[in-house]
Amino acid sequence: MIRETLARLIYEATAEAQRQGSLPATEIPNVVIERPRRTEHGDYATSHPLKMMSHISRAVTQAPPLTPLEVARRIVQHLERAPFIGRVEVAPPGFINITLDDGWLAHQVDAILEAGERFGCVDLGRGRRVQVEFGSANPTGPMHVGFGRNLVLGDSIANLLEAAGYQVQREYYVNDAGNQMENFGESLYVRYCELLGRDPAPESGLRAGEIPEGGYRGQYIIDWARRIIEQEGDRFLTMPYEQALPGIRDLGLQIAMEEIRHDCARMNIHYDHWFSERSLYDPAFSPELGMSVFDHVMALLRQGGHLYTANGAIWFNAQALGGDKNEVVIKSNGQPGYFASDIAYHYNKFVQRGFEWVIDVWGADHQGHVPRMKAMMKALGLDPDRLTLYIYQMVTLLESGEQVRLSKRAGTQVDLREVLDDIGPDAVRFFLLARSADSQMDLDLDLARQQSDENPVYYVQYGHARIASILRYAEEQGRTDEEADLSLLTHPSELALIRKMLELPEVVALAAENLAPHHLPHYAQELAAAFHTFYRDCRVVSSDPADAELTRARLRLVKAAKLALARTLKLMGVSAPERM
RNA sequence: GCCCCCAUAGCUCAGUGGACAGAGCAACUGCCUUCUAAGCAGUGGGUCGCAGGUUCGAAUCCUGCUGGGGGUGCCA
């Protein structure tokens, strides 16, 4: 990347200046290259001379003292003029501003086209394996719209890490074991009986038409119970309750997973692996251990002295490893709690499957779990830094100005599917992606519906469709970009567009390093804006014979722009339409 | 009480310690007789929550305060 090269050149120029005695020999701080806000400050800038000052003033006490501006000049004198460097200027109080060379810029169009689908990729990961686990909603109902943020962030982070040279696995953790699943099964069972006009089995302890405490009250439970009846009839009434409940529960699980898979597909999200929580308790899943993953992990923790018994429950001593509080692993009723699964699951990820790095995408309502997860890593003898718990702040829904209280169990949630039907997956993805994960977002459903046509995603897609249209027109006219002379691209709007395209690798690097996919939508808008401005200023397919060569060059330019836009949209998981 | 996140234009939000703080939406004004006006160009709009501190330089880092959200279950 240009930026890295520049940093190296500035560093070397500084070292050279020191060698030749034009600067005092001091430590040289890391060179930071930034993109200045103002165009007159060039494409890249560094305040390196200013940062040098603290070292220099410490090293020399001579008079007259060196000014930062003079330091900048002396560094520039020794700067190697790489082909991409056009103008180099020093500016008070001590900046070095660098402008890219126009001719070099124009020829980058070919470099972009040669990169093709790899354009925008950088190699930060060097092939390291990373798992991104996201989505992972409880399969006890339809996906809630707030969860869309989890899906979009997780998938876009995975896209970014792939583009940044990591080998990425996308995983969905199916919470098909545990308490919530049982509550879900009981709720379905009650509705099932109700629809068939029968009372729940006496040994169930359930009462006709009454959803038990902690159960699921949504309308969908009734719909799903009806689907089970359509599929299976009343056969669960004629078998013992201890068989009927798991039977109904698992059919409900199947329905939930079908819905979830369907919603994910609509969101353009495709998982590499769906991992079942139950398998952690199944000895057949891990024959090499001779026992279930859970039992194996419990033995390990016991050997390590991380477990103790109190009040009839088995606890994990997280406080001894820096956790904020201790945590129940096995409840006093003998059932493993959710933390038990988390431990076994992460043992599986790191030890059995060998991921070097794992990212779990969690909502802020789970942030309290972070310390005990880190403690768990230590207890398993794993470096806690290999586990990133990526926390995003919650989405709050507003409907006609009122906060909507959301609960899957109470049945007051707004389904993701509903919003997908209203405003479409591209707008949903763009909207949910455009804010930093650290800031909570208010989603005003009325406003979102009303403004769905104003969503910036269409602005970006329109740029892509417009180029597609130009290329179609060129083909009709029998015009091509063959033998294009790129040096004809000299118009400021042409060069501005190329400059903007060349930022993509930097954006990918920035967003991947900081796990901050919200940079993508912002960049996408800037890129589209650069194209739209170019479109206004520069006719691509010209009927004037004098412009025949320019047409070739511009056709190649817009091909590159189409690629850059498509790549950016792809990273966001948004479609790139050929027409709109 | 303690822990985490946030506070920037009327609204929703960007802003890797740098130069005069930006975008979209909303408001107002222009621009379609050759490639898509879902576009372009322009105008107005700010004590970056408050108070200190670090720094040559702070919206950005540190401390305190105020306000909002989340967490602090043998629920997940």
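The structure displayed is predicted, hence computed values, not measured ones. Residue numbers start from 1 in every chain, and the chains themselves are labelled A, B, ... in the order their sequence lines are given, proteins ahead of strands.
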Sugar-phosphate only, base, or nothing, as touched by A/Ala45 at under 4.0 Å among non-hydrogen atoms: base

Sugar-phosphate, base or nothing in reach of A/Glu213, heavy atoms under 4.0 Å: nothing

Touch class at under 4.0 angstrom, heavy-atom based, for A/Ser332 against every strand present: base

Distance-only donor-acceptor test, A/Arg536 side-chain atoms vs B/rC31 base atoms, 3.5 Å: no

Sugar-phosphate, base or nothing in reach of A/His519, heavy atoms under 4.0 Å: sugar-phosphate

Base B/rA38 to side chain A/Asn455, donor-acceptor N/O within 3.5 Å cut-off: no

Phosphate-side-chain proximity, A/Lys331 and B/rC75, N/O vs OP1/OP2 below 4.0 Å: yes

Any A/Ser439 side-chain N or O less than 4.0 Å from OP1/OP2 of B/rU12: no

Side-chain N,O (A/His518) to OP1/OP2 (B/rG15) below 4.0 Å: yes

Touch class at under 4.0 angstrom, heavy-atom based, for A/Glu578 against every strand present: base

Phosphate OP1/OP2 of B/rA14 contacted by A/Arg435 side-chain N/O (<4.0 Å): no

Sugar-phosphate only, base, or nothing, as touched by A/His41 at under 4.0 Å among non-hydrogen atoms: base

Any A/Tyr535 side-chain nitrogen or oxygen under 4.0 Å from OP1 or OP2 of B/rA37: yes

Presence of A/Tyr462 side-chain N/O under 4.0 Å of B/rA38 phosphate oxygens OP1/OP2: yes

side-chain N/O A/Arg466 vs B/rA37 OP1/OP2, d < 4.0 Å: yes

Who pairs with B/rG57 - Watson-Crick or G-U, where each distance is under 3.5 Å: none

Between A/Asn326 and A/Tyr308: side-chain donor-acceptor atoms closer than 3.5 Å: yes

Touch class at under 4.0 angstrom, heavy-atom based, for A/Asn326 against every strand present: nothing

Sugar-phosphate, base or nothing in reach of A/Phe95, heavy atoms under 4.0 Å: base

Donor-acceptor pair under 3.5 Å, A/Gln367 side chain vs B/rG70 base: yes

Touch class at under 4.0 angstrom, heavy-atom based, for A/Ser436 against every strand present: sugar-phosphate

Sugar-phosphate, base or nothing in reach of A/Ala313, heavy atoms under 4.0 Å: base

